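Here's the structure, in structure tokens; my notes come after.
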Amino acid sequence: MKPKERGKNLIIVNSLASCFLPLASVRQLFCLLLLASCALFSPALVHAQAVSYPTARNYAEPSIIPPEHPVDMLRMRLEVSFVPEQGLVKGRVTHIFAPLRERVYSIFFDGPGIRIQKAALNGRSLKYRISPPGITVYPDPPLQWNSTDSISFTYEATPRRGIYFIGWNDYTGRRHKQIWTQGQGIDNRHWIPCYDQQNDKLITETIVRFDSSYQVLSNGSLLSRTDNGDGTLTWHYGLAHPHSTYLVMLGIGRYGIKTVRTKANVPVHLYYYPESPDRVEPTYQYAAECIDFVAEQTGIPYPWSSYANIPVEDFLYGAMENTTATVYGDFLLVDRRGFFDRNYIDVNVHELTHQWFGDLVTGRAANMAWLHESFATFYPKLFRRQISGQAHYEWMRRKEQEAALAASEQNRLPLVHSQAGGTRVYQKGSAILDMMMYVYGEAPFRRVINHYLKHHAYGLVETNDLFQAFQDTLGLSPLWFFDEWIYRGGEPHYEVSYKDVTLHPGATRQTEISVRQIHMVDDLVGYFTMPVVFEVHYADGTVDRTKEMISGQADTVVIRNPGKRTIAFVLFDPGSMVLKKVTFPKSFEELKSQALQAPLMIDRYDAVAAMDKIGPASKRELLAKIFDQEQFFYIREEIVRQLANDTDPASIGILRKALRDPAVEVRSSALTQVLLIPTELRPDFELLLRDSSYSVEAAALARLSVRFPQQVRRYLEITKSDEGIGNQVRVLWHELNAGLGERASLKKLAEMCGPSFEFRTRINAFDAVKHLNYLDTAVALNLLDGMLSPNSRLRGPATGTVQYFLQQTAYRRILEQAYASVSWLPWQREILVQVIADR
Ligand SMILES: [Zn+2]
């Protein structure tokens, strides 16, 4: 396709004002948004290509529709008690509902494996039939419109999903004794017979009778807590507004609770383990502020009466946004040192955002997950911009863009496809929301979001509802944006180059920037239409900037240079606002200027990263200078990555500084990137054995022990009292000590493989026994136990470790003997036999 001629209608801007050259089809849209800041518009540009792609739904799957249901669930009252040592749930649930059909002859309730003892309709006994997925009831006479009915089930269940009993059979006293639930996706049905789909919302209340020395948490406000006089309390929680059943939760354990309040006086309950009150402060930073933040961003006050965060042991995921009560893995409940390695802040804002996106407005079906997860990934990024600054925000956006591009290496499924995958639903969707804000403006974007939430509060949504919110608030139909970013897949790949052209010798010059879209184009992915900023930076420090609508296969953007200034470097999309691949070759001189002078961190970073292929001799001096002046640590980390194995004294000097860098990421990079620790830096590396970060300490212990084996006993002495998250330091310590022939450490590692430790410790211990190639009966039994865990993050490594040892004849015998020594339950045997007995 021919580059466009712009002639005398070129826009030449010397200030930072923005201008668009819109396509006819989108011209009105951009005029509306940008007229105020835009002095000049060129005539509408007509592209030669006239391919008309169908929009919107054509790429969605017609088979994904919200499930049908004959009644509208209104309320659910759940009464439960437990025999935790047996994993037994004793319950009674009452559903109040209204028929949605003229006649309702039967209703199905999800409830696989639930043992129904009694079923009643409006207080009278009710005919029902049990099937593998649940319970079907048969009202006689059939139910009718305009009535409200209630069905109650008295039942027992011993579920292996949905509700988890932790530590009740641990007699070492090491484990926390807890009961917690995880409803999403469709697991609450294993302990509550209910219509367990997200497309019907209901008001729930939970009544739990339990040992009075434990705390009980559920959704909503604590309405009452009654002493039963027998060592138990009855806790009654209730929500005032409807939500979906996957958000029903329970958390039971021994906890301390600190309560803080938001600006709007919403109580925020921070649960912690009583033995470690020191973890409250590092873990729960900004716990109330982030609620105020999302409320301000969306213009919608926090939608519920209270909020709680509760850490639990062996959690299956990072965290879960149950309505008013987020459950999170206690590996995020960190002390001051653990905070350097992982923290709850971003997770907290993610789950909290779901209180609006997911809990207040809920996708009608599972393929609308992006309406939950993309937003819950997007707002933490905005919150980071507020607390950590613009550079951090740019970095997070870039990581999302990279993740989305990597996903496209596998397939190019659209964001709304049911198989889109987590990377798209979380990161790509968040990057798209960034672009939505970039294209339509931050204030208009906020208006759209506010309307979308307000209009559908406590209700159900689909992607089109967000589209309609643009119509209702801005009078816009952003068809092209939704089409290319949401309903279709892929991302643009731009090839960019420029020419510094002298127009009239001795008179004037202009910079001609050519852009070509070189990605594969087909029915799924077209040429992208996006506004892109172009900047020409000159050697004298001045800048020309223009914003152009780039849409066809090839475009040329011209920026006049009447002052005949020397170009230092050119930026295509400064700040990396657009999700894309770019091929834009630059000389070392250009990269150098960009690395030193580009105003935005991500552009300076890109220049440094692009020097990767350049030999150290040419860039050493420059990178040393940048290392000293860059505030943002990932640029310093990149410099360490490039020079860590350069033996020149200047590079050694950078490495030495990196080992004392204030940022964990830089110290960590120095440790991991250097292939051979230089002898003269041994004392500097040894400093890291006392690092504030447990991860850095563990990595230093590992690397130094390999490099200087004669020093191992001294290293063990220095690190002997540290544990680390998931006992990472402790396990490594025993591994090294066992390597010195200390049998006691082998015994300790065998124990740490077992169920009296939380799952992260066990995984670390599995790795240690593998490194040592050590297996005894105790380890074997602990591995088999790990293979049966409901937590796939433990089950996977346990199975992998067993498979590793099975390859060795002597160890295979130990594993087979261990397997034969236990009388397993049928479901346990079914799992184990797949790995053990088939051999
Ligand atoms: Zn989420």
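In this text the structure is predicted, and so the values were computed from the model without any measurement.
- Between the side chains of T324 and Q355, not a single donor N or O lies within less than 3.5 Å of an accepting N or O.
- There is a side-chain donor-acceptor pair under 3.5 Å between D149 and N122.
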- Evaluation steps, side chain to side chain contact (heavy atoms under 4.5 Å, CB included), between R795 and S792: CA-CA 5 Å; R795 202 164 63 227; S792 65; 3.4 Å; yes

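- Counted within 6.0 Å of NZ on K399, heavy atoms from surrounding residues, nucleotides or ligands total more than 12; the atom is thus considered enclosed.
- Side-chain atoms of D187 and Y246 include no donor-acceptor pair closer than 3.5 Å.
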- Message: For a side chain to side chain contact (heavy atoms under 4.5 Å, CB included) check, start with the C-alpha distance between L247 and M320, then their side-chain angles and the critical distance, and finish with the verdict.
- Response: CA-CA 9 Å; L247 296 165; M320 174 64 205; 3.9 Å; yes

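- Inter-residue side-chain proximity for L88 and E156 is flagged as met; some heavy-atom pair is nearer than 4.5 Å.
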- Could you go through the ring-ring contact (aromatic ring centres under 6.0 Å, His included) check for F109 and H95 one step at a time? CA-CA 10 Å; F109 292 86; H95 297 285; 5.1 Å; yes

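- The distance between the ring centers of Y128 and Y138 does not fall below 6.0 angstrom.
- Judged purely by distance below 3.5 Å, without hydrogens or angles, the side chains of S789 and N791 never pair a donor atom with an acceptor atom.
- A donor-acceptor pair is defined here as one N or O able to donate and one able to accept, closer than 3.5 Å; no such pair exists between the side chain of S218 and the backbone of Y237.
- A centroid separation of less than 6.0 Å is found between the aromatic rings of W356 and Y302.
- The distance from the OG atom of S305 to the CG atom of L239 is 7.0 Å, given to the nearest 0.5 Å.
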- Quick one: do H236 and E205 satisfy side-chain hydrogen bond (donor to acceptor under 3.5 Å, both in side chains)? Show the steps, please. CA-CA 7 Å; H236 186 171; E205 55 185 308; 2.7 Å; yes

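- For the pair L371 and F357, the minimum side-chain heavy-atom distance is 4.5 Å or more.
- Of the charged side-chain nitrogens involved, at least one lies within less than 4.0 Å of a carboxylate oxygen, so that R412 and D522 count as a salt-bridged pair.
- In this structure, Y214 has its ring center under 6.0 Å from that of W168.
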- Message: Using the rule given for salt bridge (Lys or Arg N to Asp or Glu O under 4.0 Å), can you reason through D483 versus R488, listing the C-alpha separation, both sets of side-chain angles and the distance that settles it, and then say yes or no?
- Response: CA-CA 6 Å; D483 184 44; R488 283 201 222 171; 3.0 Å; yes

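- With hydrogens and angles ignored, the 3.5 Å screen pairs no side-chain donor or acceptor of E462 with any backbone N or O of R364.
- The heavy-atom pair separating D200 from L460 by the smallest distance is N-CD1, 4.5 Å.
- With a 6.0 Å radius and a threshold of 12 heavy atoms from other residues, nucleotides or ligands, R115 has its CZ atom above the threshold.
- A donor-acceptor pair is defined here as one N or O able to donate and one able to accept, closer than 3.5 Å; no such pair exists between the side chain of T353 and the backbone of A376.
- A salt bridge links E400 to K381: at least one charged side-chain nitrogen sits closer than 4.0 Å to a carboxylate oxygen.
- Taking the six-membered ring for Trp and the full ring otherwise, F445 and Y440 have centroids separated by 6.0 Å or more.
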- Task: Could you please spell out the steps behind the side chain to side chain contact (heavy atoms under 4.5 Å, CB included) verdict for V80 and V93?
- Result: CA-CA 8 Å; V80 277; V93 64; over 6 Å; no

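- The side-chain tip of R160 points at the ring of W827 from less than 6.0 angstrom away and within 45° of straight on.
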- Message: Would H243 and T204 count as a side-chain hydrogen bond (donor to acceptor under 3.5 Å, both in side chains) here? Give the steps.
- Response: CA-CA 8 Å; H243 67 153; T204 63; 2.9 Å; yes

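- To the nearest 0.5 Å, atom CZ of residue F293 and atom CG of residue L352 are 10.5 Å apart.
- Using modelled atom types, one side-chain atom of S244 and one backbone atom of Q198 make a donor-acceptor pair closer than 3.5 Å.
- Between H519 and F528, the distance from one ring center to the other falls under 6.0 angstrom.
- For H456 (side chain) and G459 (main-chain N/O), no donor-acceptor pair under 3.5 Å exists by modelled atom type.
- For the atom pair CD1 of I192 and OG1 of T245, the computed distance is 8.0 Å after rounding to the nearest 0.5 Å.
- Formation of a donor-acceptor pair under 3.5 Å by the Y328 side chain with backbone atoms of Y317 is not found in this model.
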- Please assess R101 against V104 for the test side chain to side chain contact (heavy atoms under 4.5 Å, CB included), listing each intermediate value before the final yes or no. CA-CA 6 Å; R101 314 270 168 81; V104 174; 4.0 Å; yes

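- At least one donor-acceptor pair closer than 3.5 Å links the side chain of Q178 to the backbone N or O of E313.
- Aromatic ring pairs are classed by plane angle as parallel below 30°, tilted from 30° to 60° and perpendicular above 60°; the pair F482 and F470 is perpendicular.
- Aromatic rings from W180 and F315 are positioned such that their centres are separated by under 6.0 Å.
- Side chain of R397 to main chain of D434: no donor-acceptor pair is present (N/O by atom type, distance under 3.5 Å, no hydrogens or angles).
- Judged by distance alone, the side chains of T463 and W370 do bring a donor and an acceptor atom under 3.5 Å apart.
- Rounding to the nearest 0.5 Å gives a distance of 7.5 Å between CE of M435 and NZ of K428.
- By the neighbour-count criterion of 12 heavy atoms within 6.0 Å, atom CZ of R793 is densely surrounded, having more than that number from other residues, nucleotides or ligands.
- E373 and H350 are linked by a side-chain donor-acceptor pair at a separation below 3.5 angstrom, with hydrogens and angles left out of the test.
- Here CZ of F97 is found 9.0 Å from CG of L74. Values are rounded to the nearest 0.5 Å.
- Checked by atom type and distance alone, the side chain of Y458 pairs as donor or acceptor with a backbone atom of P303 at under 3.5 Å.
- The closest side-chain heavy-atom distance from C290 to Y379 is not below 4.5 Å.
- F108 has its ring centre no less than 6.0 Å from the ring centre of Y195.
- Between R209 and E79 there is no salt bridge, since none of the side-chain N atoms of the basic residue sits less than 4.0 Å from a carboxylate O of the acidic one.
- A donor-acceptor pair is defined here as one N or O able to donate and one able to accept, closer than 3.5 Å; no such pair exists between the side chain of D72 and the backbone of L100.
- Note that OG1 of T326 is 7.0 Å distant from CG of N348, once rounded to the nearest 0.5 Å.
- The closest side-chain donor-acceptor pair between R424 and S374, if any, does not fall under 3.5 angstrom.
- No side-chain N or O of H354 forms a donor-acceptor pair with one of D359 less than 3.5 Å apart.
- By the 30° and 60° cut-offs, the orientation of the rings of F82 relative to F165 is perpendicular.
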